[in-house]
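Encoded as structure tokens, the structure appears first; notes follow it.
Here is the naming used below: chain letters follow the sequence lines, and residue numbers restart at 1 for every chain. FYI, side chains are in, hydrogens and waters are out, and symmetry mates aren't considered; it's all heavy atoms of this structure.
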There are 2 protein chains.
Amino acid sequence: MISKPTDSELEILQILWEFGAMTVRELNDKLNKERKVGYTTSLKMMQIMTEKGLLSRDTGERSHVYSPLLQSEEVQFTMLEHILKTVFKGNRSNLVLQALGNQDASPEEISEIKSLIKKLEEK
Amino acid sequence: MISKPTDSELEILQILWEFGAMTVRELNDKLNKERKVGYTTSLKMMQIMTEKGLLSRDTGERSHVYSPLLQSEEVQFTMLEHILKTVFKGNRSNLVLQALGNQDASPEEISEIKSLIKKLEEK
DNA sequence: TTGCAAATACGAAAGGCTTCGTATATATTT
DNA sequence: AAATATATACGAAGCCTTTCGTATTTGCAA
């Protein structure tokens with residue numbers, strides 16, 4: 001069973017998914033473009049995430065290099081299934097409707113979604 | 001700004017959304033059909049949720065009656081927007097695709113969603 | 001080789017969540 | 001009225017998350 005990362009952990013995972021494996025220094029720099037975070041805070045987070053099995057690290061060099069152990073799609077799936085149960089009582093269509101409808105989904109987004117559905121049907 | 005309830009809080013909100021306002025005793029009974037929870041645990045949770053503005057309570061009778069202050073749709077919206085940002089980098093179509101595709105969305109569900117989209121377009 | 005810079009390790013504080021025990025108040029029953 | 005049952009109030013423990021300070025190690029440069 002795949003764990004549900006915290007928001008702070010997701011912040012870190014997002015960066016690793018986008019840019020690939022990197023050192024604490026590199027990740028902390030990227031994080032600091034969003035908000036102020038101390039270096040040792042990032043370090044500690046990544047160490048804990050490694051313990052938890054969210055990241056792996058290569059200690060070959062002095063500066064360890066961290067990689068995500070989960071793919072973004074796996075976490076997306078886990079998170080969606082979780083709120084599907086906890087806030088949508090398992091009603092998948094309702095979730096999609098809410099995702100589509102109750103706000104500013106542009107016509108472009110909607111048509112993109114329609115074509116995705118078409119592809120899905122062809123399988 | 002609407003808060004993001006915890007999983008335990010959602011458990012309680014789900015029950016209140018489904019069955020309407022009720023006392024701690026009633027809610028605790030329903031909760032205990034799912035898992036073992038002490039009465040004072042439910043009580044404390046509901047008191048805290050009241051402080052937070054998630055519930056209101058009527059103290060007219062000896063047994064206070066609690067009601068949800070947020071509608072289920074509001075929370076659904078908040079939760080979805082949150083994971084849209086944190087795990088989908090704002091890509092709404094991707095979220096919908098994941099909700100639809102990477103699993104057992106039945107043909108019935110898909111066609112239901114298509115008709116929902118049609119309605120959405122007509123607005 | 002001594003000193004400075006940069007990295008990791010570690011501990012711990014602060015705050016939030018969940019759980020429950022105990023105390024107290026209020027009804028109900030005998 | 002006394003005993004029992006049922007409610008709320010309150011405090012606190014245990015755990016997790018986030019943050020950072022300090023200590024230690026490692027590499028590089030003067």
Side-chain angles (χ1 to χ4, degrees), chain A residues 1-16 21-67 75 78-79 82-83 86-87, chain B residues 1-16 21-67 75 78-79 82-83 86-87:
Chain A
M1 195 54 183
I2 286 171
S3 70
K4 193 163 74 74
T6 67
D7 285 349
S8 293
E9 288 167 349
L10 280 172
E11 221 180 351
I12 289 172
L13 285 171
Q14 288 277 24
I15 291 174
L16 293 173
M22 63 181 73
T23 64
V24 174
R25 174 64 58 200
E26 289 166 330
L27 191 133
N28 183 250
D29 287 348
K30 294 213 184 282
L31 221 43
N32 273 276
K33 287 172 182 164
E34 303 293 324
R35 61 189 185 89
K36 182 192 151 298
V37 195
Y39 174 83
T40 55
T41 301
S42 299
L43 172 65
K44 183 70 164 188
M45 283 298 299
M46 292 167 88
Q47 287 171 339
I48 290 172
M49 289 171 76
T50 303
E51 277 175 22
K52 285 187 182 179
L54 291 172
L55 305 182
S56 69
R57 68 170 167 183
D58 177 352
T59 59
E61 302 294 315
R62 178 156 100 104
S63 295
H64 302 170
V65 176
Y66 291 78
S67 320
V75 174
T78 302
M79 301 290 282
H82 185 253
I83 77 166
T86 57
V87 287
Chain B
M1 196 53 185
I2 287 172
S3 69
K4 192 164 72 75
T6 67
D7 284 350
S8 293
E9 288 168 349
L10 281 172
E11 222 180 350
I12 290 172
L13 285 172
Q14 288 277 23
I15 291 174
L16 292 174
M22 64 182 71
T23 64
V24 175
R25 173 65 58 201
E26 289 166 330
L27 191 132
N28 184 250
D29 287 349
K30 294 214 182 279
L31 222 42
N32 273 276
K33 287 173 182 165
E34 304 293 324
R35 61 189 185 87
K36 181 192 152 296
V37 195
Y39 174 83
T40 54
T41 302
S42 298
L43 172 65
K44 183 70 165 187
M45 282 298 301
M46 292 167 87
Q47 286 172 339
I48 289 172
M49 288 171 75
T50 303
E51 276 175 23
K52 285 187 183 178
L54 291 172
L55 304 183
S56 70
R57 68 173 168 183
D58 177 353
T59 60
E61 301 295 316
R62 179 156 100 103
S63 294
H64 302 170
V65 176
Y66 291 78
S67 321
V75 174
T78 303
M79 301 291 281
H82 184 254
I83 77 166
T86 56
V87 287

Task: Test applied, side chain to side chain contact (heavy atoms under 4.5 Å, CB included); reference residue, B/Leu31; option that passes from B/Val37, B/Val24, B/Thr41 - done: B/Val37

Open item on the list: Rounding to an integer number of Å, can you tell me how far A/Asp58 CG sits from C/dA7 P?
Closed with: 16 Å

TODO: Ignoring backbone atoms, test whether B/Thr41 places a side-chain nitrogen or oxygen under 4.0 Å from the OP1 or OP2 oxygen of C/dC20.
DONE: yes

TODO: Examine distances only and state if a side-chain atom of B/Glu26 and a backbone atom of B/Thr23 form a donor-acceptor pair shorter than 3.5 Å.
DONE: yes

Open item on the list: Just N and O in the side chain of B/Lys52: are any of them under 4.0 Å from OP1 or OP2 of C/dC17?
Closed with: yes

- [ ] For the pair B/Glu9 (side chain) and B/Thr6 (backbone), establish whether a donor and an acceptor sit closer than 3.5 Å, ignoring hydrogens and angles.
- [x] yes

Task: Note, A/Met79 side chain near A/Leu10 side chain (heavy atom, < 4.5 Å) - done: yes

TODO: Please state how far atom CG in B/Asn28 lies from atom C1' in C/dT19, giving the value in whole angstrom units.
DONE: 12 Å

Task: OP1 or OP2 of D/dA9 under 4.0 Å from side-chain N/O of B/Gln47 - done: yes

Open item on the list: Taking only side-chain N and O atoms of A/Thr6, does any of them lie within less than 4.0 angstrom of OP1 or OP2 on D/dT18?
Closed with: yes

Open item on the list: Whole angstroms only, please: what is the CD1-P distance between A/Ile48 and D/dC16?
Closed with: 11 Å

Open item on the list: Can you say whether a donor on the side chain of B/Lys44 sits under 3.5 Å from an acceptor on the base of D/dG11, or the other way round?
Closed with: yes

- [ ] Could you check how far OH of B/Tyr39 sits from C1' of D/dA9, rounded to whole Å?
- [x] 11 Å

Task: Euclidean distance, atom CD of residue B/Glu61 to atom P of C/dT26 [Å, nearest integer] - done: 14 Å

Task: side-chain N/O A/Lys36 vs D/dC20 OP1/OP2, d < 4.0 Å - done: yes

Open item on the list: With a cut-off of less than 4.0 Å, is there a side-chain N or O of B/Arg57 near OP1 or OP2 of D/dA9?
Closed with: yes

- [ ] Answer yes or no: does a side-chain N or O of B/Ser8 lie under 4.0 Å from OP1 or OP2 of C/dT18?
- [x] yes

Task: Non-hydrogen side-chain atoms of A/Gln47 and A/Thr50 separated by less than 4.5 Å - done: no

Task: Interatomic distance, A/Leu31 CG vs D/dT18 C1' [rounded to whole Å] - done: 12 Å

Task: Atom pair distance, as rounded to whole Å: CZ in B/Arg25 and C1' in D/dA5 - done: 10 Å

- [ ] Determine the contact category for B/Ser63: base if any of its heavy atoms lies under 4.0 Å from a base atom, sugar-phosphate if only primed atoms, P, OP1 or OP2 are that close, otherwise nothing.
- [x] sugar-phosphate

- [ ] Report yes if a side-chain nitrogen or oxygen of A/Arg62 is closer than 4.0 Å to either non-bridging phosphate oxygen (OP1 or OP2) of C/dA5; otherwise report no.
- [x] no

TODO: Give the rounded distance in Å between these two atoms: CG of B/Leu54 and P of C/dC17.
DONE: 10 Å

